[in-house]
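Below: the structure, in structure tokens.
Position 1 is the first residue of the sequence, and the numbers go up from there.
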Amino acid sequence: MLKLGLTGSIAVGKSFVLGVLAELGCRVLDADATAREVVAPGTAGLNSVVEAFGSEVLRADGTLDRTRLGAIVFSDEQKRQLLNSILHPFIIAAQDDQIRKWQRETPEGIAVIDAALMIESGGYRRFDKLIVVHCRSEVQLDRLISRDGLSPEEAARRIAAQMPQADKIKFADFLIDTSEGFDSARAQTEVMFRELKLLPDKR
């Protein structure tokens, strides 16, 4: 099974590209969805987060208050790194379990794992190829403000807290530029998919 990592900075269109790959027949896994699963009530992941950040990151119903936790970690680099170090082992284990299941079911298929911090964590090394989704910086800022309802200053701060897009691009085997919108991104993704299908031994 060909195993692909898909990454990119915040608000560049990773989820859209992942959706197109799913439509084309790839098995896809969104790391954000996995991240929510590993901190569900009663999990070891949630217990570890509460131990590190306190019960104030819990809602009244016992679920993780992701907005409150996000506000804490995006304003403090050390706390952000702490959260990543707690969650990454749980996320990677869950991803690997899913890939093994897919490999048994469709050994000739293509698996795509989407994760924003794949390069920073070194997780990209687990995959055969790396796709980096990117867009122009002004497009990224506008999308983040619109999507999350943030002020321009808060949006810029969240972008600045991540690895620069130019640095992520250096790691890519394939690049998808979403700056010109969904139709262009879809066309690029379809071309890439055809190239992936032609890889010798899918490597």
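- Of all non-hydrogen atoms in A155 and L144, the two that sit nearest each other are O-CD2, 3.5 Å.
- Put simply, M192 and F182 are part of the same group of oily side chains (I, L, V, M, F, W, Y) that touch within less than 4.5 Å, one to the next.
- Separation of atoms CZ (F127) and CD (Q95) is listed at 5.5 Å; rounding is to 0.5 Å.
- Within a 6.0 Å sphere centred on CG of D183, heavy atoms belonging to other residues, nucleotides or ligands number 12 at most.
- Without hydrogens or angle criteria, T106 side chain to G109 main chain gives no donor-acceptor distance under 3.5 Å.
- Rounded to the nearest 0.5 Å, atoms OG (S146) and CG (L141) are 11.0 Å apart.
- Taking CD1 from I110 and CG from L21, the interatomic distance works out to 8.5 Å, rounded to the nearest 0.5 Å.
- Among all heavy-atom pairs drawn from S9 and V12, the shortest one is O-CG2, 3.1 Å.
- Expressed to the nearest 0.5 Å, how far CD of E120 lies from CG of D167 amounts to 9.5 Å.
- Contact check for K101 versus R104: side-chain heavy atoms found under the 4.5 Å cut-off.
- Under a 3.5 Å cut-off, the side chain of R80 and the backbone N or O of A161 do form a donor-acceptor pair.
- Counting only heavy atoms from C-beta outward, the side chains of L175 and I169 approach each other to under 4.5 Å.
- Using a distance-only test at 3.5 Å, with no hydrogens or angles considered, no donor-acceptor pair links the side chain of D65 to the main chain of R59.
- The two residues I99 and M1 make their nearest non-hydrogen contact at O-SD, 4.4 Å.
- Considering CD1 of I159 and CD of E154, their distance stands at 10.5 Å, rounded to 0.5 Å.
- No side-chain heavy atom of V28 sits less than 4.5 Å from a side-chain heavy atom of D114.
- Hydrophobic clustering (ILVMFWY, side-chain heavy atoms < 4.5 Å, transitive): V132 and M163 are in one cluster.
- Residues I92 and Y124 are members of separate hydrophobic clusters, defined by side-chain heavy-atom contacts under 4.5 angstrom among Ile, Leu, Val, Met, Phe, Trp and Tyr.
- The heavy-atom pair separating G62 from P41 by the smallest distance is O-CG, 4.1 Å.
- Put simply, the side chain of T189 never gets that close to the backbone of V20: no donor and acceptor are under 3.5 Å apart.
- S48 places a side-chain N or O within 3.5 Å of a backbone atom of A44 that can act as its donor or acceptor partner.
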**Message:** Determine whether T7 and V133 satisfy the following criterion, side-chain contact (heavy atoms from CB on, under 4.5 Å), listing intermediate values before the conclusion.
**Reply:** CA-CA 6 Å; T7 194; V133 182; over 6 Å; no
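- Within 6.0 Å of CZ on R68 lie no more than 12 heavy atoms contributed by other residues, nucleotides or ligands.
- No donor-acceptor pair under 3.5 Å is formed between the side chain of K3 and the backbone N or O of V112.
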**Message:** Apply side-chain contact (heavy atoms from CB on, under 4.5 Å) to residues L58 and T63 and explain how you reach the verdict.
**Reply:** CA-CA 6 Å; L58 290 177; T63 59; over 6 Å; no
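- Grouping the Ile, Leu, Val, Met, Phe, Trp and Tyr side chains by contacts below 4.5 angstrom, directly or via other members, places I72 with L46.
- Proximity of V73 to F53: side-chain heavy atoms (C-beta onward) are separated by under 4.5 Å at one or more points.
- The two residues A11 and C135 have their closest heavy-atom pair at O-SG, 4.4 Å.
- Here the CG-CD1 distance, from L29 to I113, works out to 4.0 Å after rounding to the nearest 0.5 Å.
- A 4.5 Å side-chain heavy-atom check between F174 and E195 finds at least one atom pair inside the cut-off.
- No donor-acceptor distance shorter than 3.5 angstrom exists from the side chain of R27 to the backbone of Q98, with no hydrogens or angles considered.
- Counting only distance, with no hydrogens or angles, the side chain of D128 and the backbone of L4 share no donor-acceptor pair below 3.5 Å.
- Hydrophobic clustering (ILVMFWY, side-chain heavy atoms < 4.5 Å, transitive): I10 and L117 are in distinct clusters.
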**Chi angles and distances behind the side-chain contact (heavy atoms from CB on, under 4.5 Å) call for L83, Q81** = CA-CA 5 Å; L83 178 64; Q81 290 182 2; over 6 Å; no
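- The side-chain hydrogen bond (donor to acceptor under 3.5 Å, both in side chains) test with T178 singles out one residue from R186, R143, Q188, Q140, and that residue is R143.
- No side-chain heavy atom of R126 sits less than 4.5 Å from a side-chain heavy atom of M118.
- A185 and I176 make their closest contact through O-CG2, 4.1 Å (heavy atoms, listed as atom of the first residue, atom of the second, distance).
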**Request:** Determine, step by step, whether T43 and V38 satisfy the side-chain contact (heavy atoms from CB on, under 4.5 Å) criterion, reporting the C-alpha distance in whole Å, the side-chain angles of both residues, the deciding distance to 0.1 Å, and the verdict.
**Result:** CA-CA 6 Å; T43 60; V38 301; 5.8 Å; no
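- Heavy atoms from other residues, nucleotides or ligands lying under 6.0 Å from CD of Q78 number 12 at most.
- Panel note: side chain S184, backbone E180; no donor-acceptor pair is recorded below 3.5 Å.
- The shortest side-chain heavy-atom distance between L199 and L2 falls under the 4.5 Å cut-off.
- Q165 and R136 share no side-chain donor-acceptor pair at under 3.5 Å.
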